Amino acid sequence: MSSLGLCLNQLEEMEEDAGLGNGGLGRLAACFLDSMATLGLAAYGYGIRYDYGIFAQKIREGYQQEEPDLWLKNGNPWEIVRHEYTQKVKFGGRLIRHRDSKEQVKWVDTTDVLAVPYDTPVPGYKNNVVNVVRLWSAKAPNCFSLEFFNDGDYLKAVFDRNSAENISRVLYPKDNMFEGKALRLRQEYFLVSASLQDAIRRYKSSQPGVFVCKRESFDEFPNKLAFQLNDTHPALAIPELMRLLMDEGLTWEQSWNITCRTCAYTNHTVLPEALERWPVELMEHLLPRLLDIIYYINHLFLTEVRRRFPNDEGRIKRMSIVEESPNKQINMANLAIVGSHAVNGVSKIHSDLLKSSVFKDFYEMYPGRFQNKTNGITPRRWLLLCNPDLAELISYKLGDGWIRHLNQLKHLTQYADDQCALDNIMQIKSRNKQRLAEFVCKNYGIIINCNSIFDVQVKRIHEYKRQLLNCLHAIVMYNRIKQNPNKHYVPRTIMIGGKAAPGYHVAKKIIKLFNNLARKINNDVDVGDKLKLVFLENYRVTLAEKVIPAADLSEQISTAGTEASGTGNMKFMLNGALTIGTLDGANVEMAEEMGEENMFIFGLKLHEVEELRSRGYNPADYYSCNDELREALEQLRDGFFCPECPNLFTDIADNLMHHDYYLLLADFQSYIECQERVSAAYSDPYKWARMCLLNIASAGKFSADRTIEEYARDIWNVTPSYDIIPAPSEQPLAPSIGVDM
Ligand SMILES: *Cc1c(COP(=O)(O)O)cnc(C)c1O
């Protein structure tokens, strides 16, 4: 490369992110793939090869604008197309029943779409294991739209091929929000059907001899395969696997046994607006065979509920997979629970909440099904790769075993009072901050003070994540400085980054508000470098890799009971940032691991949130007796931060004062006081550095390797299938592995 005048770093900077997910959910899957390969588990990641990934965010005059993300425009050297494994996926059509059989139903007159797989290698960490992620691209079959062709409209037939190929055109950009669009349902079924057919094909080719389909031929299926449903988006796997097995000639009972033993479901949210409920009418039109199977699953299931809990029609109504009102719809979470042998949440508090509220009835019926698998992150990307200086320091102190066994970080505790080690940590953080400051200056033209607290909140913009609470703190700091400009303040740089779903108007308004605050505050000479606000445009994985190693303070401030786990929180902890946070999601377990004295915890606890809501929450109780809060809300309301359009933020203020569903005002005072504790702690560099070190030292639990070992042991019943080769140079090449059949 150097002989060509090329620089590897430059080339790496040019490479597009594969932005094929919305936020934490997709990133979690990517971390899991890394861990499964590193642990030597034979696993495939299945997904859709979207032509357009998550949109690119541009900020113009403070507003978010979306630009299409044509990530494949310069080609993609990491993938290979596998035409030989193309699958056919059916849509529409009608059913022909054979007598009254539930098994022998023909699905005919369908419109078929081809699913073409593209494989990308997923190498384990220095173990000579390579798994694959297999992404499906939609293609119209050659015979597509032939009626028109026969009628002579050849061009229309060719143009119509788009309707099939649109299935893999674009990622739906809503995070934690259900959108009941037909194309989205087509995407979900497309993924599920192609992936299951692919798995069945591989199962057959792995059986000894020529595969002859007999009923016993599938006996080994649940022992050889496990399907982990990442949320309900692939929950159609349950009726689809039933369909495929019955089409192979198995009975309903055999198919149901195999399906339940093979599938497991991970729940990722309790927000009601995020739970998938598909209109029956739409399912009937697009997937009549699956609807038929779902109805029969529900019939058998409700019969069992009635037997177990006689004369309890309220329970039947709550547990039914088919909901009757307000419209007839399929509750995908209920379907996923009924068809799985394991259901898990993604942090302790979240898994408990599933059992005590959202899925209480299901827990009472199937207590043994419910589990917890606290999320994790891969230490390879989120420390070794993104923070090489810190990684080197840790390896210098402890050896490099932590890269595979993150629990070894606990041995750092012995350096908690070692001034030299603390100096090293501070120097590394300081260099990372300087690099980020250069990036901010170059890209946004804002000069930031590297001695200030780098106070960072990066994640999708959502009301429940409470970026607005962060904004209120910025307003309070600004008002204090203006009121008393000569007092000493611990300087801060508040950075917020994240995308708002294009149709989520409140989230977009929050971005505009933060940018207006930044404009006013950054240009106020009284403020100087005591306070700066920076919006980090187009937050994505490659930006996270630059920002997180440079952060001093990680904002994890969701209303207790709303963030299922969070994984951003873990990335910051591992990189020596301190957390200001509520006792929500995995923050609870982080506090347990490091000790509450090493975290800045504030706000209502889950039970207090429940109590406050049940006795009737009135936000006016809070602002009427809090001068700083009232002042901030009035400034929002009267256009102080938006003279050119004074009513722009009135609705935000009114909403907080009259509804405030996420209890920002209830947590306001506690948050402000907690931020004061942060500033005081930062003023004592060794105290701060000691806390940073103890954060890093207790991050071991949050390795995705630990999470995956638990899934493997408690849900999949698998052990590593590959020999792990520690040092490729010392060993001959292992036998060819990861070769797809
Ligand atoms: C880790 C990550 C997330 C998830 O962050 P949370 O704070 O857990 O919501 C979202 N986006 C990107 C780019 C990430 O790397």
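All values reported here derive from a predicted model rather than from experimental measurement. Computation of the quantities below employed the complete heavy-atom set of this structure, encompassing side-chain atoms and omitting hydrogens, waters and symmetry-equivalent molecules. Read the numbers this way: they start at 1 and go in the same order the structure lists the ligands and their atoms.
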Quiz prompt | Residue pair Trp136 / Ser195, side-chain donor-acceptor N/O under 3.5 Å | solution = yes
Quiz item: Would you say the side-chain atoms of Gln467 pair up with the backbone N or O of Gln457, donor to acceptor, closer than 3.5 Å?
Solution: no
Quiz prompt | Polar contact flag, side-chain donor to acceptor under 3.5 angstrom, Asn432-Asp389 | solution = no
Exercise. Answer yes if the side chains of Tyr118 and Asn76 hold a donor-acceptor pair under 3.5 Å, and no otherwise.
Key: no
Quiz item: For ligand 1, is there an N or O atom under 3.5 Å from any N or O atom of Arg540?
Solution: no
Quiz item: Which atoms from ligand 1 have a heavy atom of Gly566 less than 4.0 Å away?
Solution: 8 (O)
Quiz item: Considering only protein heavy atoms, which is closest to atom 8 (O) of ligand 1, and at what distance to one decimal place?
Solution: Thr567 N, 2.8 Å
Quiz item: Among protein heavy atoms, which lies nearest atom 3 (C) of ligand 1, and at what distance?
Solution: Lys571 NZ, 3.7 Å
Quiz item: Picking from Gln675, Arg677, Gln669, what satisfies side-chain hydrogen bond (donor to acceptor under 3.5 Å, both in side chains) with Glu673?
Solution: Gln669
Exercise. May I ask you to identify, for Trp382, whether its side chain, its backbone, both or neither come under 4.0 Å of ligand 1 on a heavy-atom basis?
Key: side chain
Quiz item: Are any of the N or O atoms of Gly568 closer than 3.5 Å to those of ligand 1?
Solution: yes
Quiz item: Looking at Arg460, Lys459, Lys465, Arg466, which hits side chain to side chain contact (heavy atoms under 4.5 Å, CB included) with His462?
Solution: Lys465
Quiz item: Of all the atoms in ligand 1, which lie at a distance below 4.0 Å from a heavy atom belonging to Gly24?
Solution: 3 (C), 4 (C), 10 (C)
Exercise. Assess the side chains of Gln65 and Glu67: does a donor N or O sit below 3.5 Å from an acceptor N or O?
Key: no
Quiz item: Closest non-hydrogen protein atom to atom 11 (N) of ligand 1, residue and atom name please, with distance?
Solution: Tyr539 CE2, 3.6 Å
Quiz item: Is Lys459 in polar range of ligand 1, meaning some N or O pair under 3.5 Å apart?
Solution: yes
Quiz item: Based purely on interatomic distance, does Arg460 place a nitrogen or oxygen under 3.5 Å from a nitrogen or oxygen of ligand 1?
Solution: no
Quiz item: Is the Lys NZ or Arg CZ of Lys499 less than 6.0 Å from the centre of Phe55's six-membered ring, within 45° of the axis?
Solution: yes
Self-check item: Close-contact set for ligand 1 against Lys465 heavy atoms, below 4.0 Å
Solution: 9 (O)
